[in-house]
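Structure record follows, encoded as C-alpha cells.
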Amino acid sequence: MSPRRSAEGGRIDRGRTIRFSFDGKAYQGHPGDTLASALMANGVRLFGRSFKYHRPRGLLAAGVDEPNALVTVLKGTVREPNIAATQIEIHEGLTVESQNRFPSLDVDAGAVNQLAGGLLSAGFYYKTFMGPVVGPLKGTRVWMACEHFIRRAAGLGRAGRDADPDRYERMNAFCDVLVAGAGPAGLMAAKAAAEAGKRVILADLDSVPGGSAKWSGDTIDGLPAAAWAQRTIEALGTLDTVRLLPRTTVWGYYDGNTLAALERVTDHKPAPDRGEPRHRHWTIRAGAVVLATGAFERPLVFPGNDRPGVMLADAAVRLLREYGVVAGSRLALFANNDDAYRAAAALAEAGATIAAIVDMRDTVSPAARALAERAGAELVAGHAVTGTQGGKAIREIAVQRLREGEITGQPRKIAVDCLLMSGGWSPAIHLASQAGTAPRWDEALQAFLPPEPTQNWIGAGAFAGHFATAAALADGLAAGAKASGGRAPRKSAQPRVEAAELDIAPAPVFEIQPSGKAGKAFVDFQHDVTAEDVRLAHREGFVSVEHLKRYTTLGMATDQGKTSNVPGLAIMADALGTTIPEVGTTRFRPPYTPVSLGALAAERYGDLRPDRLTPMHDWHVDNGATMYAAGLWYRPMIYGGRGETVEQAYVREAAATRAGVGIVDVSTLGKIMVQGPDAADFLDRVYTNKFSTLPVMKARYGLMLREDGLAYDDGTTWRLSQTDFLMTTTTANAGKVMQQLEYYLDIVWPDLKVTLTSVSDQWAGAAVSGPRSRDVLAACVTGTAVDNDTLPFMGIVRGEIDGVPVMICRLSFSGERAYEVYCGAGHGLHVWEALMEAGKPFAIVPYGLEALGTLRIEKGHVTGAEIDGRTTARDLYLDWMLSKKKPFAGSMMMDREGLCDDDRIRLVGIVALDDRPLGGGAHIVEHDDPAALRDSIGHVTAGCYSPALGKYIALALVKGGKTRHGTRAFVSDPLRKRFGPVEIVSHHFYDPEGSRMHG
C-alpha cells in the first residue's frame with residue numbers, strides 16, 4: 001500500500017487545490033503542503049537516488065535534516081539543485097525534478113554501482129589517485145584515466161548555466177534579544193523578553209512557527225499545543241518591540257554576538273510581488289541570544305535501513321499532524337526509547353495498522369506499554385530489526401532477538417509497507433558550536449549538549465537537552481528573563497501542560513550487526529557512508545574524528561551531521577574500544593543550512609568584491625568624476641569635461657595643481673593606530689629607518705621590507721604623542737600590512753606592549769596640493785596658524801574647519817607644497833566642501849587618480865607598481881633609508897649577494913623620443929629591430945603625459961639603473977603594437993631639489 005491523505009487533520013487548506021509537477025508528471029496538493037507531503041499524499045515513495053550507489057531512496061525526515069529527498073527546482077531555464085523536498089512549499093505551477101539518475105528515477109542505469117560496492121568504499125577516490133602498477137598504468141596514470149568519469153559522477157544535482165533573474169536583499173538589524181527557533185521554548189523566551197520591554201527578533205525556519213507544538217499532540221493551557229502556539233504568535237505580532245521572521249534560518253554565529261540569517265521571502269509564491277526579493281539576508285547584532293533550535297531524531301543503523309518506506313518516527317508524526325498524510329497502511333516501529341511510541345499511537349488513531357513495535361530494550365516503561373496497547377500493536381521487546389526486503393519500497397522486515405548487544409535466534413519476518421525508526425535525539429547545537437568550544441556529552445541522553453557559552457547566549461528547550469514540553473516552556477521562560485537581565489520568573493507564569501510522561505533517554509545502542517551477509521547499513525544517507533566504511537577508516541589508520549569525516553565524507557556538505565554524526569562516532573568508538581566522548585566530535589561549520597549565493601551578494605549582483613566608498617563618493621559622482629576600483633575602493637579617475645578624453649582631463653588637472661591648487665580624496669589610504677609604551681620600539685623594528693627619535697607632532701616617511709629583504713610597503717607615520725602613532729599605508733596594501741604587523745606582535749615579539757587598531761574607515765582625508773595650498777588652508781582653518789614656522793614640512797597641527805576638528809600634516813606626494821587634512825569620516829563631505837569653497841578664489845580643482853599618478857611620476861615617487869615584490873630599497877634608490885644603527889625586519893637578508901648585484905634592474909626615468917604614450921609593462925630593449933626577439937633590459941612600470949615637461953614620460957626598472965642615464969634604448973610593446981626610441985634619464989623628472997614642496 002502507498003501513503004495516503006487522512007480524512008481530516010493537518011494545517012493544510014483542503015478547500016483549495018494546487019497543481020505542480022515532479023519529473024514531468026502532474027500532481028495536486030493543498031496550500032500548506034510541502035513538496036514532500038504532497039508527493040507522499042499522492043502515493044509517491046521514491047524521491048531520489050543515492051549519491052554513490054544510486055540506491056532508491058525515499059523520505060527519511062520531515063525537516064531541514066532530510067538527506068535523501070533532494071530535488072532540483074526549475075523556473076524557466078533556471079535550475080536550482082539540491083533543495084530538500086521537505087523545505088519546498090508547493091505553489092501553483094511549481095516544477096521540480098529528481099536528481100542523480102539516468103534515464104529516469106524509476107529506471108536508473110547508475111544502480112549498477114551497487115555491484116561494485118567493494119570498489120566504491122570509503123576513500124576510493126584517494127586510492128584511485130595512487131593507482132596500481134599494471135603494465136603502462138603506473139601511479140597517477142590510473143587517475144588520469146579515471147578522472148573524467150569520477151568528476152562527472154561527483155555531486156548530486158546539476159546546476160544551471162543561465163543567469164539568475166531574481167532579486168536579493170541584505171538587511172542589518174539590531175536587537176536586545178534574538179530568539180532562534182519558535183518552538184515552545186523559543187515562544188516563551190520571546191514572550192518573556194518582550195514583556196520586559198526588550199527589542200526582540202524571533203526567527204524560525206518554518207513557514208508556520210510553533211516547532212514541536214505543531215505535532216506533539218500535547219495540551220497547553222487547555223488548548224491543543226498547535227493552537228496555543230498560534231495564539232502566542234499572534235499576540236507577539238501585535239507588539240511594536242517584536243519582529244517576527246518566519247521562513248528565516250539563523251545559519252551562522254560569529255564574534256561579537258553577530259548572527260547571519262536567511263529569509264526565504266518568495267520561494268513559496270509562483271512569482272514575487274512588485275518589489276519583493278526572492279531571499280533577504282540578515283546580519284543581526286544582538287545584545288543577547290536565546291538558542292531554542294530544537295533537536296533531530298537519529299536513525300538506527302541496520303542492514304537495509306535506507307529502503308524507501310524506512311523513515312524517522314518523528315517524521316511520520318509531523319506528516320500526519322501537520323499535513324494529514326499517513327505514511328503507510330501497515331507499519332512497524334523500531335526504537336530504543338519511549339518517545340517513539342507516540343508515533344505508533346498517533347498513526348493508529350489515523351487508521352493505520354501497527355504490525356509491531358520492536359524495542360531493543362528488554363524492559364519498557366508502563367507509559368510506553370500503554371501507548372503500545374492504544375496503538376493495538378504487538379510489543380516485541382529485547383529484539384531488533386536486522387534487515388528489510390523490497391525493491392523501490394519496503395515490503396518486509398526481519399526481527400531477531402537482541403541480547404547484550406548480540407543478535408541471536410532465527411529471524412522473524414513481518415510484512416509492512418513502512419518502518420518507523422528512532423535512535424534517540426541529538427540537540428541541534430550547530431550555532432552554539434560555531435560560537436563556542438567543544439560540546440559536552442550527556443551519558444543519559446546519549447547525545448552531545450551545547451558547550452559552555454563563550455558569547456552572550458542562553459540555551460533553552462530540546463537544544464539544551466530538555467525535551468518534554470513542560471520543561472521546554474520553563475526553560476524558555478527562564479532564558480527570556482535572563483537574556484533581558486531580569487529576575488527568574490515565577491512558576492505560576494509558566495503555562496500548564498498535559499502530556500504523557502515518557503522517558504526520552506535511549507538505550508546506548510546505535511547499530512545492529514547481524515551475522516552473515518546482511519547488506520549495507522547506512523550511517524550518512526546523503527553521502528552513502530556505511531557502517532563498514534567507518535570501520536574501514538579505522539583499519540586504515542584514520543582514528544581522528546577529523547580524519548574520519550574527511551576520509552569517509554561523513555557529515556559533510558548540506559547535511560553537516562544532523563542525523564549521521566552521533567551514530568558514526570558511536571561506530572568509531574566501538575572500533576577503537578573507547579567511548580563516544582573520548583572520540584570527540586568535529587566543530588559544526590556555518591552555514592547551518594544551505595545559503596543562496598545571490599543572498600550573500602544581494603544588491604552587488606555581478607560584482608564579487610565589496611564596494612568600499614569614501615565619504616565624498618557621491619560628491620565625486622555628482623561633479624562629473626569617472627569612478628574606478630583601486631584596491632577595494634572606488635576612487636575618481638578623472639573629473640572629465642564635455643568632450644574631454646581621459647588624457648586631456650588628467651593633463652588639465654595636473655597642470656592646474658602645479659600652477660595653483662588642487663585637491664584629491666585620500667580617504668582610502670590605510671591608517672593604523674600604533675599605541676603603547678613600546679610603540680616607538682616596535683616601529684623601529686618594522687621600518688628600515690628610525691622612528692623612536694621622531695618628535696611629537698611630526699611625521700616621517702617610512703619603508704618596510706619583507707623578511708627576505710625585498711621592499712614591502714611605504715608610507716608616512718605621524719607621532720601624535722610619546723606612545724601614539726598614526727601609520728599610513730598604500731591603499732592596496734592596508735590589509736596586508738595590518739596582518740603583517742599583527743603577526744610580528746603575536747609571534748615574533750609577543751613581549752612588546754603595543755596595540756594595533758585599523759582606523760582606515762574612521763578617518764576621511766583630503767590632500768591639498770600646489771603653490772596656493774597654504775592660502776586655501778589659511779582661509780578656512782581656525783584654531784591654529786598654517787604658516788611655515790607653525791607648520792613646516794612634515795609638521796602636524798590640530799585645528800578646525802567650519803567647526804569640525806581636523807588634523808593637518810604637511811607632506812607631499814605631488815612634489816608641490818601640500819597638506820593632508822584628516823577628519824572623522826562622518827564629517828568628511830562637510831570638510832571637503834568647506835575646502836572647495838575656501839579654494840574658489842584660488843581656482844581650486846579636484847583631481848583624480850590619473851592626475852595623482854602623473855604628479856607622482858613627474859616627481860619620481862614610487863608606489864606598488866615599483867614596490868612589486870621583486871625590488872629592494874637599493875633598486876629604488878631608497879637605500880638612504882636603511883639604518884645602520886639598528887636591526888629591522890629584513891635587515892638580515894637584504895645584503896644577500898643576489899640582492900646587491902650591480903646588474904639588477906633599478907629605477908630610472910624614460911622619455912619617449914617619438915612623442916607617443918608609454919604603457920606599463922612594455923619592455924625596454926637595446927636593439928632597434930621591432931621584429932627581433934632579444935633580451936629585455938627592463939620594463940616600464942607607469943607612464944603618462946607630463947604637462948610640466950610637455951612630453952610622454954615613464955618610470956621604469958632597467959638593468960644598471962643610474963649607469964644608463966643619458967643613454968638611448970627602445971620600448972617594445974608588441975601587444976599594443978608599440979615600438980620606438982626612448983632616452984633613459986633620472987627618475988626625478990621635476991624639481992629634484994624639492995624646493996617647491998619645502999618652500
Side-chain angles (χ1 to χ4, degrees), residues 650-651 654-655 657-658 688-689 701 703 711 714 769 793 811-818 850-868 870-882 899-926 936-973 980-999:
Y650 80 70
V651 167
T657 301
R658 292 263 186 242
T688 63
N689 48 334
Y701 179 56
L703 175 69
D714 68 336
S769 309
F793 186 68
L811 54 86
S812 179
F813 190 65
S814 62
E816 299 293 333
R817 180 190 304 144
E850 291 296 318
L852 180 70
T854 298
L855 297 171
R856 76 98 180 172
I857 292 171
E858 289 178 339
K859 184 61 182 173
H861 284 154
V862 296
T863 64
E866 293 78 37
I867 305 176
D868 63 359
R870 297 175 292 179
T871 54
T872 69
R874 295 184 180 91
D875 296 339
L876 304 175
Y877 295 109
L878 296 175
D879 42 320
W880 57 274
M881 299 180 69
L882 302 176
L899 300 186
C900 298
D901 191 337
D902 291 338
D903 205 31
R904 283 180 60 81
I905 56 173
R906 293 188 171 169
L907 186 64
V908 298
I910 60 173
V911 178
L913 298 179
D914 57 0
D915 198 31
R916 293 166 61 196
L918 299 165
H923 284 278
I924 309 299
V925 297
E926 294 182 294
S936 168
I937 62 170
H939 64 276
V940 175
T941 59
C944 67
Y945 181 83
S946 168
L949 278 67
K951 302 173 181 177
Y952 284 102
I953 63 172
L955 296 178
L957 292 167
V958 173
K959 288 182 181 179
K962 285 182 178 180
T963 62
R964 292 184 181 268
H965 286 185
T967 66
R968 295 197 174 188
F970 297 87
V971 62
S972 178
D973 194 353
V982 296
E983 181 180 3
I984 300 174
V985 298
S986 168
H987 60 286
H988 296 299
F989 293 100
Y990 181 77
D991 188 27
E993 297 82 14
S995 59
R996 295 180 67 89
M997 65 182 181
H998 288 94

Set of side chain to side chain contact (heavy atoms under 4.5 Å, CB included) partners for [X], sequence neighbours left out:
| X | answer |
| --- | --- |
| Ala954 | Ile910, Leu918, Val940 |
| Asp902 | none |
| Asp915 | Tyr952 |

Who pairs with [X] by side chain to side chain donor-acceptor pair (under 3.5 Å), at least two apart in sequence or on another chain?
| X | value |
| --- | --- |
| Thr872 | Asp875 |
| Asn689 | none |
| Thr688 | none |
| Asp868 | Arg870 |

Under the ring-ring contact (aromatic ring centres under 6.0 Å, His included) rule, collect the residues that match up with Phe793, sequence neighbours excluded.
His998

Residue set satisfying ring-ring contact (aromatic ring centres under 6.0 Å, His included) with His861, at least two apart, ordered chain then number -> Phe813

Can you name the residues that form a salt bridge (Lys or Arg N to Asp or Glu O under 4.0 Å) with Glu866, not counting sequence neighbours?
Arg856

Which residues pass the salt bridge (Lys or Arg N to Asp or Glu O under 4.0 Å) test with Arg658, sequence neighbours left out?
Glu816, Glu858

Which heavy atom of Ser814 sits nearest a heavy atom of Lys859, and at what distance?
O-CB, 4.0 Å

For residues 946-963, the salt bridge (charged side-chain N to carboxylate O under 4.0 Å, His left out) pairs (sequence neighbours left out) are none

